[in-house]
Structure formats: C-alpha cells, structure tokens
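Just below is one structure, and these are the notes that go with it.
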Amino acid sequence: MPELPEIETFRRYLDHTSLRQKIRDVAVTRERILKGVSLRQLAGALKNHSFRKTERHGKYLAVDVGDGKQMVLHFGMTGCLHYVDPDDPDSRYARMIVTFDNGHRLDYDNKRMLGRVRLVDDFDDLIDELELGPDALEIGADAFDERLRSHGGAIKSTLMNQSLVAGLGNTYTDEILFQARIHPATPVDALNPADRKRIYRMMRKVLRKAIDVQGEPDRMPRSYLLPHRSDGAACPRGNGTVHRSRVAGRSAYYCPACQPRAGRKR
DNA sequence: ACCTATGTTATCGC
DNA sequence: GGCGATAACATAGG
C-alpha cells in the first residue's frame, strides 16, 4: 500500500523498533532489489553500525547508517517492513534481512520486486537526481498553486507526478479529488484558483488522517471514498454509485454525481 | 485464461 | 519539452 502515509508509518515503525541497535549482519535474498550498490558495499556500510535516524521524502525513506552514508528504501507497490523475533521465521517475501546484535531482525519485504534499496552519500542529491518535487506535506499553499498551474494534463495524473509534489499515488489522489469534488479527468487548466486551493487543503487533510490510521483504508472515516473504493459501491455521500474509469493508464474511482466533469465556467 | 493490483521507467507518436 | 498511451518489471488473487 505504499504511498506517503504508509511510508511515514514505516518510518515511525523503524524508529520504534530498530534505531540505535548494533547491526550484526545483512542478507539480501534477491540482488535485483539493490540499485547502484553491491551487497558487499551495503553490508560494509551497515555491519557494526546502527540506524541513527530516519528521514522521509515522498515515498522514499532514508536511514542514516553513519560515516556519511544513507540507506534509501523505496517500496514499489508491494513493499513493507517487519521487525521479527529471533525465534520467528522471516516473512515470506523478505528480500533484505538486517540482523541486530540482540537477534531481532528487520525484514524489508517486497513481493513484486518493484522496490529498490540504495546507498547514497546525500539524500538531497538523490532527490534532485530523481527530480522529486517538494514533499506533499511540506509544500506551502502558494508554492503548490504555482507548481500546479505550471503543469498540464488531467488533474489526477498531475497529482501523481512525483516531480510536482512527492508522495501521492493512485489511491490517495482518488480520495483527494473525491473530497475536493473534482472529476479525475478534469484538465488542470480548467481549474480555477478556488479549485486549486481546495485540492491543496484536501491533500493535507487526507494525508494527515491516513497517517493517523497508519495507512489502513478500512480505518479511514466511513464518509471517505477509500473504504468504498470499488466499482458499483454506494457513494458515501449517498449521491449514487462509485464508478471506475481509466485515467493516465491507472484506475480512477470516483462518484460522477459528486465529481461532475468540470468546465472552465463552473 | 483473463483481468486486476498502492510504483517507476522507458519508448513511441503527436 | 510535454503529454498520453503502452509496455515492462514480478507476483498473486479473483
């Protein structure tokens, strides 16, 4: 499930479970997950070191491992972290296993192998290299408006563009547009300033609430779209049914009654 | 067998 | 340079 709120949840989980413990060993079960770093280099940077602090930008999680090195985790569509007891088996899709001196392990899971593990000297340089925009919870209203106006295309694909703001994915853009009552296919240049401001406000509200419930859609308020995000489900506002369509190659769920196709003249 | 799935990246054509 | 469409990556579930 990893979009910004889930990554933030992983970050806090890592902080609570794994910080400041001496690392005894690092194992990688599928080397494909390593990007720009060898297992030998990664193990060299981690062994006998510890995780000192964490930082998140969009969907990327950086872990300070000391000596000026940062391990950067990306989770793809199916990644997560598990802290397991010495007696417990590793989770089934553990691709990297960090063992601490106390015998506990932190598993980096990635079922579909779409996530990557990096080792960098400077997280900010990586953010530049990946052309990530400001984090979706850090950007201010004016900067958001300015960046949004400078893009074209459908609002849903623009919000998912990590170079505009970093952190939004397919499900939370649906929720934000539902809350803002804007059709996902609306061209950005058809939005007026009030629409853009509403999107900004709803973006913050939705992301904060999702972090509160640790990214579990079923714990989102029943009045939100996410617990009802399936084709034919009843709109939580009682306005009709949830529809699915295809926007920029991804499924978009929305309520046509609440989110009418908007023109310039609304 | 077919379609779908929370992400990113590359390619092609306009 | 930007945009949409498409496929690819790898794996599972309906």
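Just so it is clear, the model here is predicted, and its values are computed rather than measured. Sequence lines set the chain letters: A, B, ... in the order given, protein chains first and strands last, and positions in each chain run from 1.
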* To do: Nearest whole angstrom, please: distance from the C1' of B/dG7 to the CG of A/Leu73.
  => 15 Å
* Asked: Is A/Asp109 salt-bridged to A/Arg95, going by a charged N under 4.0 Å from an acidic O?
  -> no
* To do: Step through the shown structure and confirm whether more than 12 heavy atoms of other residues, nucleotides or ligands are within 6.0 Å of CZ on A/Arg201.
  => no
* Asked: What is the distance from CD1 of A/Ile127 to P of B/dT8, rounded to the nearest Å?
  -> 13 Å
* What is the base-pairing partner of C/dA10, counting Watson-Crick and G-U wobble geometry with both distances under 3.5 Å? -> none
* Specify the separation, in whole Å, of atom NE2 of A/His74 and atom C1' of B/dT9. => 11 Å
* Is the phosphate of B/dA5, meaning OP1 or OP2, less than 4.0 Å from a side-chain N or O of A/Tyr253? -> yes
* To do: Would you kindly give the CG-to-P distance between A/Asp231 and B/dC3, to the nearest whole Å?
  => 16 Å
* To do: Quickly work out the A/Ile33 CD1 to B/dT8 P distance and round it to whole Å.
  => 17 Å
* Between C/dG1 (P) and A/Glu131 (CD): distance, integer Å -> 10 Å
* Asked: Does A/Arg105 come within less than 4.0 Å of A/Asp25, counting only side-chain N to carboxylate O?
  -> no
* To do: Taking the side chain as every heavy atom from C-beta outward, state whether A/Leu159 and A/Tyr172 have any atom pair closer than 4.5 Å.
  => no
* Asked: Between A/Arg118 (CZ) and B/dT9 (C1'), how many Å, whole number?
  -> 11 Å
* To do: Establish, from distance only, whether the side-chain atoms of A/Asp85 and A/His104 form a donor-acceptor pair under 3.5 Å.
  => yes
* Structure fact -> Rounded to whole Å, CG of A/Asp189 lies from P of C/dC3 at a distance of 10 Å
* **Protein proximity profile, nucleotides 4-14 of chain C - base contact B, sugar-phosphate-only contact S, no contact -, cut-off 4.0 Å on heavy atoms** => SS---BBBS--
* No-hydrogen, no-angle side-chain donor-acceptor test under 3.5 Å, A/Lys22 and A/Asn102 -> no
